[in-house]
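Everything below concerns the one structure shown next.
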Amino acid sequence: MNNQAFVTLEEIEQARLAIAGTIRPTLLNASPSLEELLGVPVSLKLEHQQITGSFKLRGASNAIAGLSDEEKRRGVVAVSTGNHGRGLAHAARKAGVRCIVCMSKLVPQAKIDGIKAQGAEVRIIGNSQDEAQLEVDRLIEEDGMTMLPPFDHRAIIAGQGTLGLELLEQIGDVTTVLVPLSGGGLISGVAAAIKAKRPEVRIIGVSMERGAAMHACLEAGKPIQVEELATLADSLGGGIGLDNQLTFAMTRDLVDDVVLVSETEIAAAIRHIYWQERQIVEGSGSVGVAAMLAGKIKSAGPVAAILSGGNIDMKQHHRIISGEDVDVTQEDT
Ligand SMILES: *Cc1c(COP(=O)(O)O)cnc(C)c1O
């Protein structure tokens, strides 16, 4: 590992200016039902209402804004479990830049369609993000395209960090922030922004039990290979990269704790968010609420949870909120 210096508050503030015309600020909603459960005020950051259905548009827009004219002319390429591709495709189209997104066969059809609808080319390759990465490497080598990775990149992290600044302005007295955690781009940016202004705020990452890569890497003390498994939180799948430059160290040093939730707990959260909060949120965006409902979060003061995305297959969502058992884990157990 050859770690770069952490992304700074200044970079995040610059990102905010760079993406102001591309993203929309999202609402923060109080949740009376979760407040009753936890005994402290709980608010939900409705980032699933972001354009393209997730916060990934923030990082992607900032990364595209930072490209040279020559890089813009050659186009951008990414490997993605869906939402990064969607955000990148939208940001690229807005900037008039060609975009190719490569992804593994584990990605649900709804997400593939979503990316195509944003105007990007999609290539489906292999059974893991690592295999899809080989095609990206070829496009960089042969066509001179620029890869924009989903999390381990300064401009991406700074873009995601704008969500932290926005949140602090909406809830100045927050004491605990729950952040869905996969590769750690979101939590690194949010933690960098919030800790720079209010170091005492606790930042807690939440991942699914099945294939929680960052959690396993933190336990190991270094980036390690982690098997990708089917999960309701499909946007949280995939490894952090053995050559991780930024998000491993930033998560290790800035994040206070990581909590894991089961498939049953994620399904319960999707249901709660629908029936109690009247929102449609995907599994990955529901993990903070899952942790609260499961009694895994204690806080002396106000809690905010980021609902990070809403791109769920609507038939699957319908089955879950109707109380059916939806078990996506069968295919690999
Ligand atoms: C990508 C994604 C995450 C995780 O973000 P990382 O930066 O990889 O940690 C969480 N929720 C949703 C909906 C996502 O698309």
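For ligands, and for the atoms within them, numbers begin at 1 and follow the listed sequence.
At a heavy-atom cutoff of 4.0 Å, ligand 1 is contacted by the side chain of N83 but not by its backbone. Contact annotation: for M214 versus ligand 1, there are no heavy atoms closer than 4.0 Å. The proximity of E282 to ligand 1, defined as any non-hydrogen pair under 4.0 Å, is limited to the side chain.
The heavy atom nearest to atom 12 (C) of ligand 1, considering only G183, S308, G87, G82, is found in S308.
Within 6.0 Å of CD in E10 there are 12 or fewer heavy atoms belonging to other residues, nucleotides or ligands.
A centroid separation of less than 6.0 Å is found between the aromatic rings of H317 and Y274.
Taking 4.0 Å as the cut-off, P150 does not count as a neighbour of ligand 1 on heavy-atom distance. Heavy-atom distances between L236 and ligand 1 reach below 4.0 Å in at least one pair.
In the vicinity of G184, heavy-atom distances shorter than 4.0 Å reach the ligand 1 atoms 6 (P), 7 (O), 8 (O), 9 (O). Atoms of ligand 1 lying under 4.0 Å from any heavy atom of G185, numbered from 1 in the order shown and given with element: 6 (P), 7 (O), 9 (O). The atoms of ligand 1 that sit less than 4.0 Å from any heavy atom of S235 are 1 (C), 2 (C), 12 (C), 14 (C), 15 (O). Shown in contact with P180 at under 4.0 Å from a heavy atom are these atoms of ligand 1, numbered in order with element: 10 (C). Under a 4.0 Å criterion applied to the non-hydrogen atoms of F55, ligand 1 contributes the atoms 1 (C), 2 (C), 3 (C), 5 (O), 10 (C), 11 (N), 12 (C), 14 (C). Listed by number with element, the atoms of ligand 1 under 4.0 angstrom from any heavy atom of G309 are 13 (C).
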Practice task
Could you please spell out the steps behind the side-chain hydrogen bond (donor to acceptor under 3.5 Å, both in side chains) verdict for D234 and T231?
Solution key: CA-CA 5 Å; D234 54 273; T231 167; over 6 Å; no
*I would like to know whether T247 and M214 meet side chain to side chain contact (heavy atoms under 4.5 Å, CB included); could you show each step before the answer?*
CA-CA 9 Å; T247 60; M214 183 64 85; 4.0 Å; yes
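We find the CD1-OG distance between I204 and S299 to be 7.5 Å, quoted to the nearest 0.5 Å.
For S284, no nitrogen or oxygen atom sits less than 3.5 Å from a nitrogen or oxygen atom of ligand 1, counting backbone and side chain alike.
Ionic pairing of K195 and E200 is not present here: no N-O contact between side-chain nitrogen and carboxylate oxygen is shorter than 4.0 angstrom.
The hydrophobic cluster containing V190 does not contain V7, counting ILVMFWY residues as joined when their side-chain heavy atoms lie under 4.5 angstrom apart, directly or transitively.
Side-chain contact, Q276 with S31: no donor N or O sits under 3.5 Å from an acceptor N or O. Remark: the H272 side chain and the S33 side chain contain an N/O donor-acceptor pair separated by less than 3.5 Å.
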